[in-house]
Amino acid sequence: MEENDPNKKVLLMGKSGAGKTSMRSIIFANFMPKDTMRLGFTNSINQSNIRFLGTLSLALWDCGGQDHFMQHYFESQRDTLFRNVQVLIYVFDVHSEDQRDMNYYRSCVDAIQDHSPTAHIFVLIHKMDLIPVEKRDEAFNKKEREVVKNSAGLNVICFKTSIWDETLYLAWSRIVHYLIPNSDVLTQSLNRFCSACEADEVVLFEKSTFLVISNFSSKQHKDVHRFEKISNIVKQFKLSCSKAAARFKSMTVMNTNFCAFVDEFTSSTYIMLISSDSTILPALTQMNIDLAKKHFEGVVRASTAVAQ
Amino acid sequence: MNIAVLGSKRVGKSSILKVVFQKMSPNETLFIESTTRVDEVKIQNNPYTRCTILDFPGTFEISQMTSLERRFLQDSAMIIYVLDAQDEPYNKSLEKLVSLMSEVYSFNPHCKIEVFCHKIDGDMFVNDDVKLGVLNEVSEIVRFDTTERKLPEPSFHLTSIYDLSIFEAMSKCIQKITPGVGHMQNLLDILMSHCRIDKVYVFDVISKLYIATDSTPVDLISYELCSDMIDVVIDVSCIYGVGEDENFNNAFDGKSTSVIRLDTGLTLYLREVEHLLALVCLVKDDNFERHHLIDYNIDRFKEGAKKILDAREKWVKEQEEVKG
């Protein structure tokens, strides 16, 4: 029943000051990373409903992490809070060695096990930017081991994140992927479209968050994090456009080796298409994208539709 | 060509240079240590931005300068004097400026002086009126002193490292001492009127300073859009446009082109002009229909710009021979 509910409940938890509200604001409310310094602490639970991909609705519960709230969550609110959860996101500050933090996590996992055993659990090891580059892997692995040990055997996916680079988009793209009921439909259609255009790769982004929804590549590329980087780049540009009271509709970037198109696609997505074959005229690719829009409108709707 | 940067202690001289030329993020400049001796920063991004910037320590006093410092100032085509706008009153710092000016003009009469009223940011300067107030106050005091001593009046700029104003001011300064900029501007004006372009810039891709623009006034919004567009183009090209064993320099090549359409009916168009130089223009959608004509005209502009550059190179060489 929970899988098919169009209202997806997402719990965002973690110790006070870990950066939960900051990351939520950047992804869903178009904050610039530096603007998050102004955010105060979250009082109890901040519930927001986010429209995603047109028809999906994410109920994001941003749970303030101060100790007395935490105790409430596990005592009086335990039943309501942890029921019907689709995704639990627990945020750790990579710097904090506080043992209470791990205990809270442990309690969360227990509560989830009792009330929503099908929920996906993601752990974000946050504020990686505060650690020197060469020590990041080591710090992450250490924390990950600790987390897995405390997860009561449940399947947990850990990410290292920072609001200052693309790692945040990587983590959230993977998380929303679990919330799209029929993402296979999308990937298959993209596959067909990609080969029809003889493109190198096609990526679909959600319109307002610019998270990666789906992608298909016909060629290997050395940079595995390129989509998140693109998300980050385009989102930054979107924000600077809004300073000029404008919104960007499409962009093409090319040099001798490649041609990239980023274009408004369906009513809830943007598409990016990369082509390295210089014999294909850009205008032709542009026409292909325009013609595919109508078809994909249906595909996107089908991918988010709830199975009856 | 040398530019000397002077000013009192902790007014942000080194921060300006780090942010503009070394890509330091403004927040990190808090940790820069104070400069103890004259630092030379060599800028050699492309033929149009070639200069040496001399970062003087804040403790520098014109009355106690060493022979080396005197030689630096003698060779400088321009002096940028930085003033902390958040540190009122300005009298003392401006007195220093005027005595500096009268001393420098005695041995380097062709030196241009630019005053940056810096740190125009934070809560004090939310209002535009306050910013203009500072500008008026400072220029008033300086004008009074300079007319008294029969010195030429310097130019003033309001700057902050937290927005693009410092980039704009620096662009203007470098243009002032770069020969041939006037001709470039004429070429851009012709290009603009024939293609019905709204605004056009020629950018140094690395520092994102503009080398030349048309004669219509520069507004920070269009400058910022164009500058952000360069970021996008370089970043995307670095991901998809470089081969296995190539580096950043190959990302921006002879065929680099980009079109960004906005919903306000404007199109941003970018073309490569020369190695690491980009022409960025804002065009209304209707005028962008005849895209190929704009391309043709830009190609002609490139030829013209090349000739100006060649002539200038020749001139620079001749000057050096005369000196040598």
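All chains are named by letter (A, B, ...) in the order of the sequence lines, taking the proteins before the strands, and each is independently numbered beginning at 1. No experiment lies behind these values; they were computed from the predicted model shown.
If you measure heavy-atom distances from B/L270 to chain A, you find no contacts under 4.5 Å at all. Both the backbone and the side chain of B/I239 come within contact range of chain A, with heavy atoms under 4.5 Å apart. Neither the backbone nor the side chain of A/F261 comes within less than 4.5 Å of any heavy atom in chain B.
Within 6.0 Å of CZ on A/R136 lie more than 12 heavy atoms contributed by other residues, nucleotides or ligands. Within a 6.0 Å sphere centred on NE2 of A/H295, heavy atoms belonging to other residues, nucleotides or ligands number more than 12. For B/K255, the NZ atom is loosely surrounded, since the number of other residues' heavy atoms within 6.0 Å does not exceed 12. In the displayed structure, A/K135 atom NZ is contacted under 6.0 Å by at most 12 heavy atoms of other residues, nucleotides or ligands. The local environment of CD in B/Q22 is crowded, with over 12 non-hydrogen atoms from other residues, nucleotides or ligands closer than 6.0 Å. In this structure, B/R300 places its CZ atom where more than 12 heavy-atom neighbours from other residues, nucleotides or ligands lie under 6.0 Å away. In A/E198, the CD atom is not crowded: 12 or fewer heavy atoms of neighbouring residues, nucleotides or ligands sit closer than 6.0 Å. Heavy-atom contacts from other residues, nucleotides or ligands closer than 6.0 Å to CD of A/E134 number more than 12.
In terms of heavy-atom pairs under 4.5 angstrom with chain A, the leader among B/V233, B/D231, B/I221 is B/V233. Top candidate by heavy-atom pairs under 4.5 Å with chain A, chosen from B/D263, B/L262, B/T257, is B/D263. When each of B/V259, B/L268, B/L225 is scored by its heavy-atom pairs under 4.5 Å with chain A, the top score falls to B/V259. The greatest number of non-hydrogen atom pairs below 4.5 Å with chain A, out of B/L220, B/D235, B/L266, is found for B/D235.
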Criterion side chain to side chain contact (heavy atoms under 4.5 Å, CB included) on A/V234 and B/V232, from CA distance to verdict: CA-CA 7 Å; A/V234 177; B/V232 171; 5.8 Å; no
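Of all residues spanning residues 283-296 of chain B, none has a heavy atom less than 4.5 Å away from chain A's heavy atoms. The stretch residues 237-256 of chain A places A/F237, A/S240, A/C241, A/K243, A/A244, A/A245, A/A246, A/R247, A/F248, A/K249, A/S250, A/M251, A/T252, A/V253, A/M254, A/N255, A/T256 near chain B, each with some heavy atom under 4.5 Å from a heavy atom of that chain.
A/R226 contributes atom CZ, which lies 5.0 Å from atom OH of B/Y240 (distance to the nearest 0.5 angstrom).
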